[in-house]
*Asks:* 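Handing you a structure now.
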Amino acid sequence: AMLRLRLLTWDVKDTLLRLRWPVGQSYAAEARAQGLRVQPEALGRAFREAYGAQSRRFPNYGRGQGLSSRQWWVDVVKQAFVLSGVQDGAALTALAEKLYRDYCSSRNWEVLPGAEETLSQCRQRGFRMGVVSNFDNRLENILSQCNLRHHFEFVLTSEAAGVAKPDGGIFKEALRLGGVPPEQAAHVGDDYTRDYRAARAVGMHSFLLHTANQGLEPEVPPEHVLPTLTHLLARIEK
């Protein structure tokens, strides 16, 4: 039976947009421009370590603990360089501020294959559309810069919602913004726990964008799996 859907919500990172280069590579290039030598691979490892530690200590960009997401990110970036052996504190602050701004633009982000076409077709079919993303407040600007913002009625970030996926609260807020009950909504994302399962837990439908290099969770029926975004409408209209 055709699903009676009125609202589609979308994850962003690795669903609609992806980073053009690995973080270590981008950070190292910017550091080189400031006269600092850092190995991209080491910097990438240090970034993952710093990001993980900061996320555990101050979840969701420190929103509940009085941090701004800008400060949260500047601290992560500085810590990544410190862990990579860069000592110069003053240079690091300027570098971290610049990198924070750089990730606000399409310079570091690219639209995934099939995204523009699929979003356009979904809008033509009359679906209401929104974003539900574990992201900070730069997301509106990033989507605008990448020319995707106009597809969506709302952009709901974990920073704005005060809770992050897989917390059902962010999906409930999206349903409120979209003005539909959960059974008339579907979420599209690439993460089994934060996207697929979390949306289903609040009673929404859900589709898992699944790239070939991921192992698939056994309980996802094949009709919920999208090998590419362009498979979405066929799945909905089946």
*Asks:* Any donor-acceptor pair under 3.5 Å linking the side chain of D191 with the backbone of Y196?
*Replies:* no
*Asks:* Classify the ring geometry of W73 against Y51: parallel below 30°, tilted from 30° to 60°, perpendicular beyond 60°.
*Replies:* tilted
*Asks:* May I ask you to check whether E116 and S120 show a side-chain donor-acceptor distance below 3.5 Å?
*Replies:*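 Short answer, yes.
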*Asks:* Among all residues two or more places apart in sequence or in another chain, which pass the side chain to side chain contact (heavy atoms under 4.5 Å, CB included) test with S144?
*Replies:* R149
*Asks:* Under a 4.0 Å N-O cut-off, is there an ion pair linking R4 with E183?
*Replies:* no
*Asks:* State, without any angle test, whether E219 and Y192 hold a side-chain donor-acceptor pair at a distance under 3.5 Å.
*Replies:* yes
*Asks:* Check residues 78-89 and write down every donor-acceptor pair under 3.5 Å in which the side-chain atom is one partner and the other belongs to a residue at least two apart or another chain.
*Replies:*
{"residue": "K78", "atom": "NZ", "partner": "T93", "partner atom": "OG1", "Å": "3.0"}
{"residue": "S84", "atom": "OG", "partner": "A80", "partner atom": "O", "Å": "2.7"}
{"residue": "D88", "atom": "OD1", "partner": "A90", "partner atom": "N", "Å": "3.3"}
{"residue": "D88", "atom": "OD1", "partner": "A91", "partner atom": "N", "Å": "3.2"}

*Asks:* Quick check: closest heavy atoms across S26 and N108, and the distance to 0.1 Å?
*Replies:*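 For S26 versus N108, the nearest heavy atoms are OG-OD1, 3.7 Å.
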*Asks:* Under 3.5 Å, side chain of N134 to main-chain N/O of K165, donor-acceptor pair present?
*Replies:* yes
*Asks:* Whether the side chain of W72 engages the backbone of F58 through a donor-acceptor N/O pair (distance < 3.5 Å, no angle test) should be reported.
*Replies:*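 Judged by distance alone, yes, a pair lies under 3.5 Å.
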*Asks:* Among all residues two or more places apart in sequence or in another chain, which pass the side-chain hydrogen bond (donor to acceptor under 3.5 Å, both in side chains) test with R128?
*Replies:* E153
*Asks:* State whether the side chain of S206 and the backbone N or O of A186 hold a donor-acceptor pair below 3.5 Å, judged by distance alone.
*Replies:*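 No, the answer is negative, given that no donor and acceptor are paired below the 3.5 Å cut-off.
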*Asks:* Given L119, which partner from the list L16, L229, L232 fulfils the side-chain contact (heavy atoms from CB on, under 4.5 Å) test?
*Replies:*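 Exactly one candidate clears the test, L16.
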*Asks:* Holding to side-chain hydrogen bond (donor to acceptor under 3.5 Å, both in side chains), I want the full list of residues that pass it with R70, two or more places apart in sequence or in another chain.
*Replies:* E97
*Asks:* Name all residues meeting the side chain to side chain contact (heavy atoms under 4.5 Å, CB included) criterion together with L17; count only those two or more places apart in sequence or in a different chain, and write none if there are none.
*Replies:* V12, W109, V111, I142, L143, C146, L148
*Asks:* Quick one: side chain to side chain contact (heavy atoms under 4.5 Å, CB included) partners of A198, sequence neighbours excluded?
*Replies:*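 Applying side chain to side chain contact (heavy atoms under 4.5 Å, CB included) to A198 gives P166, F171.
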*Asks:* Hey, does the side chain of R20 reach the backbone of R107 with a donor-acceptor pair shorter than 3.5 angstrom?
*Replies:* yes
*Asks:* At what distance, to the nearest 0.5 angstrom, does CZ of R194 lie from CG of D167?
*Replies:*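 Separation between the atoms: 13.0 Å.
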